Amino acid sequence: MHTASRRHKRSLNHPPVVLRPERPEDAARALEALRGALRRTSTAGGLLPCTPHAFVTWEQGTTTELITRIADDLRENTPAEAGRLRLPAYELVDSLTEIQGGPPADHAYARRRGHPAPAAPAGGDDTTTITAFFLTLPLASVLKVLGRVHRKCWEARWGWRLRWRKRYRRLWPDDFDGRRTYGAALREFANVRRAGAEWDRLLVAALMTDLYGYARQGVLHPGRRRRRPRHVLLLDGTADGTSGAVDDFVTIYGEQQVAGPHPVMVLVAALPPEPGTTSDPHSLETAASRLDPAPGEIPTRIDVALPPAPSGGSVRVKMIWAPLARVRPLPEVVFEATAVVVALWLTGQLAFLPVVDSGPFRDDYAACLTGEKPDTPSKSRTADINGALAATEALDMIRDQNERAEKEHLPGRIVTVALLHASPPNNADELRSAGSIPELRGVALAQKALHKIALNDNNGVWVKIQPYDAGVQYKNAGARVKEIIADARKNPRLIGVTGFTESRAATVEAVKDLNTARIPIVSSTATARDLELGKYYHGAAPNHRREAEVVATFIENANTIRTTGDNCVRAEDVVVVTDPKDIYSRDLGEAFVSERPDSGKRIGYSPGDPDGATAIPEPDLDTRFNVSEVAEAVCARIQANPRTLVYWTSRAREFGTFLDRYQQSSECANRDITVVGGNELTNIALSQDVRDHTWLNLYHTAHVLPADHEDRNTVAEDFNERYAEEFGEDVWLDDGHVALAHDAVRVLAEAASQALTPNEEDLTRGSVQSRIDADSFRLEGATGRFRFDGGSGLRPTNKLLVVLHQDTNGAAPVVICGSVGLNIDAGKSWKQGDKTYDCPLDDQPTGASVD
């Protein structure tokens, strides 16, 4: 009856054994024989238990009373060397057995402190007056505060157990879908108690939860050896002719133990023969042989008909295994703790030996940080897209939704959002990396989803999207913004502007004009700090300062520089490649250098400026005049220090050319290179344009989790399904441009919905702006959780940023930082081996809360 190895602990549970003797005295002899095998003779104290067990002869009572008796017997019949048997889950549930008044939490804590359950409040008396007098003393006040702190810590510990520990999940109802807190659990337990029917099942589940906990000790845990024996329940119900409590307990036990994680209990119960049935008589040996089921067999209840024992005969059972050395708990804990400390010290002293391989507990842990990817390469998504046709399809979808809004909207609940978008470039490579098509699709998806909500929700809004084509790379942004301002004067329901997928001189001037006109803006992608002008601008993506903080922390700690095979080391030097004339590229590069000032000179190259005549001299900028020179400069830095990483902030269209020049004409041909880039490189990577570059170790940032990632919130899951349904699984399915554009429209719509409640006359552009800036503004988006913290920042606080690793098997997240969604435990830290690194947090304004 003991588990001699961890392998046995993972085997199937043992089914309950039911003895059905013809005479009650035969049951008593059999169970007494089994109990004798569970005890040993001691010269000091008579018979002592070898293993925790309960021996109960039940005559009359309820099943609840029987369960209480079993728990008491287990505590009493526990070997001294096993320590005190603790049943915390059972005691928590059992504390609610007799609720006389007050909340369930008071009863649970009172039982924990050993006090009787609190009764309903009553009138005061002399004792209360005297107690109140003494409580005015300082010492009493301190003790009262300490008592409250103790209770809060105790409740917090239980809240953590009930929410995160797997073995406590069996206490929750199968259909419970609320937040799993300590208070919610007690309320559920109290409801079950009042209902009555399932209370015994809950008590048994709590008892078995505690007993399973004794089998989960690790190899080095002091309790593993002394808590190895199984718990045995011996129940005699042959005399219980009224309530059938033992029979009920056997049934509940059989139901509960099937799902148990460890075979740590054995139940043998004696019950009267079932009327009208006969069975072949068997011995205890026959029942014992069936306790270990064959592999794949589901253990089921075993009924054994014991033959009548001869007159004066007895039943003998061999004594179970008992340890040769019965060490008491405290000395054993001290001995094993000392042994562990000595073993760890010796391991540290021998760590320099070459035969000891590196691992996650060593500073020289050398595994490359690549994320979890599938074993087979992922299928390359469709990348051959006709830009003009795709733009037309998205605009047609927006036009159809505009017509629907005009026809179906409720009076006063329709608003207009201006979309300042770029024309899709003609070059196919630039089309994939640009955000024009993804932005149009994201806006169309958001509009359609909002109309679906508004159809069934009186608080929803119908949104008309008014597109303004600013030309390729926003060359005509100034003229289009003037049209938006003129239209806004005519239409007070034009509540804001979205778009601005590129940071360029024309878009900077456009933002200035819109701020002057006091029209709210929510940009739909990562943009430079230069666009953060005036209080009316907001971005849906994190700013470059936050991106630089996350990337700098990642580069400083991650194993990214490949050495041999799957081994990598941390980067010692970083070379930043930037375009000093491009607002986006320059701002991201400067933000990174401010986080990593030891990165040396930036390498600067501006397309269309081959002689550098218009370059502005900067002391920390090594200006180059073509991509070949950029490749040579990068190669020189890598040759000087092989542990050099490239941080690419330039545009995506130059990246492919750089890789060709690096491999074909530089001194570093066929030499591994590690590149970290911004979201500009996302579409190049996702379209698998770098699949054949086995010498390239590529990381790039994104603003959304991959479509198949388990930590997405429900909005992101729904968004990915809708995108695939509308447009298929193309190159932009995992691109953050689509989701950011989708969320930017939803931010404006949510602010308008709040402004319309309760009076539609309250809707103005100023009220929309104030709602976005309000402390109460929260939104679950496809790109994570939005919160602007009362106007303290132009960007959402702690917005989601993901670092992906790209190779021939596809992309996988290695760093997830930011608020993924409410009640989603991701985005706070990232891991490498067994080491955890905290994610950088945005500065919190005074009084702000952290979701």
Side-chain angles (χ1 to χ4, degrees), residues 394-395 397-421 439-468 480-481 483-500 510-511 514-515 517-524 535-540 715 740-774 776-782 786 788:
L395 290 171
M397 186 175 173
I398 291 173
R399 190 177 299 108
D400 292 342
Q401 290 300 315
N402 286 344
E403 293 176 358
R404 181 185 179 191
E406 287 285 1
K407 294 178 181 178
E408 302 183 24
H409 76 272
L410 293 175
R413 301 203 68 84
I414 184 170
V415 297
T416 300
V417 173
L419 170 62
L420 186 68
H421 67 95
E439 180 184 44
L440 291 173
R441 289 180 171 181
V443 170
L445 287 174
Q447 186 185 22
K448 188 174 182 179
L450 288 168
H451 291 173
K452 182 178 179 181
I453 295 172
L455 194 63
N456 302 308
D457 184 2
N458 291 336
N459 291 326
V461 293
W462 295 81
V463 179
K464 288 181 62 179
I465 301 297
Q466 192 165 337
Y468 295 83
R480 299 291 84 80
V481 163
E483 294 178 11
I484 293 175
I485 296 173
D487 291 341
R489 293 193 186 104
K490 302 173 187 177
N491 180 10
R493 287 301 178 101
L494 196 159
I495 60 168
V497 183
T498 187
F500 297 97
V511 170
L514 290 171
N515 265 284
R518 298 183 179 181
I519 300 176
I521 310 160
V522 181
S523 67
S524 59
K535 70 174 185 177
Y536 285 88
Y537 174 85
H538 297 87
V715 176
L740 285 170
H742 171 274
D743 287 351
V745 174
R746 292 187 64 236
V747 168
L748 287 169
E750 176 64 21
S753 176
Q754 294 180 16
L756 278 167
T757 305
N759 193 342
E760 66 183 54
E761 284 76 17
D762 293 339
L763 178 63
T764 63
R765 285 185 283 274
S767 63
V768 170
Q769 169 70 16
S770 64
R771 290 306 190 282
I772 296 176
D773 285 343
S776 59
F777 185 87
R778 300 289 188 273
L779 180 68
E780 291 284 305
F786 281 79
F788 289 96

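Given the structure is predicted, the values throughout are model-derived calculations rather than measurements. Note that the numbering runs from 1 along the sequence shown for the chain.
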Novice: What residues, two or more places apart in sequence or in another chain, satisfy side chain to side chain contact (heavy atoms under 4.5 Å, CB included) together with A744?
Specialist: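 Only T498, V522, S524, A540 meet the side chain to side chain contact (heavy atoms under 4.5 Å, CB included) criterion with A744.
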Novice: Check the angle between the aromatic planes of F788 and H538 and answer parallel, tilted or perpendicular using the 30° and 60° thresholds.
Specialist: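 It falls in the perpendicular class, over 60°.
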Novice: Does R413 use its side chain to pair, donor to acceptor, with the backbone of N459 at less than 3.5 Å?
Specialist: yes
Novice: When rounded to the nearest 0.5 angstrom, what is the spacing between OG1 in T416 and CD1 in I484?
Specialist: 12.0 Å
Novice: Please check if the side chain of R765 supplies one atom and the backbone of L494 the other of a donor-acceptor pair under 3.5 Å.
Specialist: yes
Novice: Might you confirm whether atom CZ of R518 has over 12 heavy atoms from other residues, nucleotides or ligands at distances under 6.0 Å?
Specialist: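 No, not enclosed.
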Novice: The criterion is side chain to side chain donor-acceptor pair (under 3.5 Å); which residues satisfy it with D487, sequence neighbours excluded?
Specialist: Q466, Y468
Novice: What residues form a salt bridge (Lys or Arg N to Asp or Glu O under 4.0 Å) with R480, not counting sequence neighbours?
Specialist: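 With sequence neighbours excluded, R480 shows a salt bridge (Lys or Arg N to Asp or Glu O under 4.0 Å) to E483, given in chain and number order.
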Novice: For A405, check side chain to side chain contact (heavy atoms under 4.5 Å, CB included) against everything at least two apart and list the hits.
Specialist: I414, H451, W462, K464
Novice: The criterion is side chain to side chain contact (heavy atoms under 4.5 Å, CB included); which residues satisfy it with I453, sequence neighbours excluded?
Specialist: D457
Novice: Partners of A752 by side chain to side chain contact (heavy atoms under 4.5 Å, CB included), sequence neighbours excluded?
Specialist: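 By the side chain to side chain contact (heavy atoms under 4.5 Å, CB included) rule, A752 matches V415, I495, L763, V768.
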Novice: Donor-acceptor pair, distance only, cut-off 3.5 Å: does the side chain of S753 make one with the backbone of E750?
Specialist: no
